[in-house]
Amino acid sequence: MKKIFNKEFIIGICVIAAIVILIFGIDYLKGINLFSPANFYYASYNNVAGLEISSPVTVDGYKVGQVREIQFDYDNPGKIKVLLALDKKLRIPVDSKATMGSTLMSGNFIALKLGKSAEKLPVGGNIDAIESSDLMSSLSEDIMPAVNQILPRVDSLLMNLNRIAGDPALLASIQRLDGITGDILATTGGLKSTVNRDLPVVMSNVKSISHGLDTVTANLGILSAQLKSLPLNTTVDNVNALTANLTQFSKQLNDPNSTLGLLMNDPELYNKLNRVAADVDSLIVDIKKNPKRYISIKLL
């Protein structure tokens, strides 16, 4: 009786196991987990350039599945059917959309936009597909026309810059700027030497002024002490008394019943004084004219 586990049988089993491991390993490297439970849905696109098996399927940026198969739909020429393996817990509303997008680093992906309908899509159903232009198409359609419009302006700008750079007036201006820069450096050196020469003198003058200010401050302190020692209270009392006397004198002048008031306010007294003055004046005049009438001189 031949042995069942002969050498050829063991080699065959090893080969089959290696093939199975290779298949599962390739799927694992692609990110496909055959042992993970999933629900399968379909989406049809006109162009799947850049989309690969195991490309991610996301909802709001979170990965909820991956592309399991990409097949040409022979029943609908021009359509390519994509099999999506999604998380078994995810339920897809019937009004959901499957948009294909692209990134520079990770290639194309499918982004699900879940709808608001309460009715759920059955497993194996078709999700409405929306195709978005790839990155290169966007560059060609959106950016290149703007670049083509900018290029003539850039050419004219470069021509203007070349014309300005070759203008002799610009060269002359630069040479004048060199001269101005040299003058500024010379002026700066002169200012530096002047500061180094005159600064000690200025500082000594500042010190002298500071000493004089100290002297003035000391004298002000002495004057303040002297003013403080003066009998200001007595002086103020004397001024107040003098003010009171002047006030009393002013009241007497304004009082018609006082002597000073009568002298100041009685017109009759004024007229009498005028008459007396006139009589005295007449008497003096008469004495000058007729002195013998008033003076008698007897000789012995």
Side-chain angles (χ1 to χ4, degrees), residues 4-5 8-145:
I4 297 177
F5 298 102
E8 290 79 5
F9 180 78
I10 295 174
I11 293 174
I13 293 298
C14 291
V15 171
I16 295 172
I19 293 173
V20 172
I21 293 173
L22 180 62
I23 293 173
F24 278 94
I26 292 174
D27 289 339
Y28 179 78
L29 292 176
K30 290 181 179 180
I32 299 175
N33 188 0
L34 297 176
F35 299 102
S36 177
N39 290 331
F40 294 94
Y41 299 89
Y42 290 94
S44 296
Y45 298 93
N46 294 324
N47 188 351
V48 291
L51 189 67
E52 298 177 353
I53 295 176
S54 76
S55 294
V57 179
T58 63
V59 174
D60 297 331
Y62 180 78
K63 183 178 178 181
V64 295
Q66 58 189 357
V67 175
R68 183 60 61 87
E69 292 181 2
I70 300 176
Q71 299 176 355
F72 186 81
D73 192 355
Y74 293 98
D75 295 332
N76 297 307
K79 293 290 185 180
I80 299 174
K81 185 179 292 186
V82 178
L83 179 63
L84 308 178
L86 303 181
D87 191 344
K88 202 171 185 63
K89 297 179 181 179
L90 180 64
R91 303 293 294 170
I92 307 298
V94 293
D95 56 346
S96 299
K97 307 293 181 182
T99 304
M100 185 170 60
S102 62
T103 60
L104 288 175
M105 301 299 295
S106 59
N108 287 8
F109 65 95
I110 294 178
L112 291 179
K113 183 175 178 58
L114 300 180
K116 303 296 184 181
S117 176
E119 184 181 356
K120 304 302 179 181
L121 190 69
V123 176
N126 291 316
I127 304 176
D128 291 338
I130 299 176
E131 296 184 15
S132 61
S133 58
D134 58 3
L135 187 60
M136 294 305 297
S137 299
S138 299
L139 290 175
S140 300
E141 295 175 0
D142 299 334
I143 298 179
M144 290 307 296

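Not measured: the values here are computed from a predicted model.
Summarising the geometry of Phe40 relative to Ala85, their closest heavy-atom pair is CE2-CB, 3.6 Å, with the distance given to 0.1 Å. Closest of all the heavy-atom pairs between Ala129 and Ser44 is CB-O, 3.0 Å. The shortest non-hydrogen separation linking Val67 to Glu52 is CB-O, 3.7 Å.
By the neighbour-count criterion of 12 heavy atoms within 6.0 Å, atom CG of Asp60 is sparsely surrounded, having that number or fewer from other residues, nucleotides or ligands.
Within the 4.5 Å cutoff, the side chain of Val57 has no heavy atoms near those of the Lys63 side chain. Residues Ile80 and Leu51 form no side-chain contact, since every pair of their non-hydrogen atoms from C-beta on lies 4.5 Å or further apart. Side-chain contact between Tyr41 and Val123 is present, with at least one heavy-atom pair separated by less than 4.5 Å. Looking at heavy atoms from C-beta onward, Tyr45 lies in side-chain contact with Ile110 at the 4.5 angstrom threshold. The closest side-chain heavy-atom distance from Val59 to Leu114 is below 4.5 Å. Annotation: side chain of Lys120 is in contact with side chain of Pro93 (closest heavy-atom distance under 4.5 Å).
Checked by atom type and distance alone, the side chain of Ser96 pairs as donor or acceptor with a backbone atom of Gly115 at under 3.5 Å. Between the side chain of Asp95 and the main chain of Ser117, a donor-acceptor pair closer than 3.5 Å is present. Using a distance-only test at 3.5 Å, with no hydrogens or angles considered, no donor-acceptor pair links the side chain of Asp128 to the main chain of Lys97.
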What verdict does the side chain to side chain contact (heavy atoms under 4.5 Å, CB included) test give for Thr58 and Val64, after you've listed the backbone C-alpha separation in whole Å, the side-chain angles of each residue and the deciding distance to 0.1 Å? CA-CA 5 Å; Thr58 63; Val64 295; 5.8 Å; no
Between Asn39 and Leu90, is a side chain to side chain contact (heavy atoms under 4.5 Å, CB included) present by the stated rule, with each step listed? CA-CA 8 Å; Asn39 290 331; Leu90 180 64; over 6 Å; no
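With values rounded to the nearest 0.5 angstrom, Lys79 atom NZ is found 9.5 Å from Asp73 atom CG. Leu83 contributes atom CG, which lies 10.5 Å from atom CD of Gln66 (distance to the nearest 0.5 angstrom). Taking CD from Gln71 and OH from Tyr42, the interatomic distance works out to 6.5 Å, rounded to the nearest 0.5 Å. Note: Ile127 CD1 to Leu86 CG = 6.0 Å, rounded to the nearest 0.5 Å.
Residues satisfying the ring-ring contact (aromatic ring centres under 6.0 Å, His included) criterion with Tyr74, sequence neighbours excluded, are Phe72.
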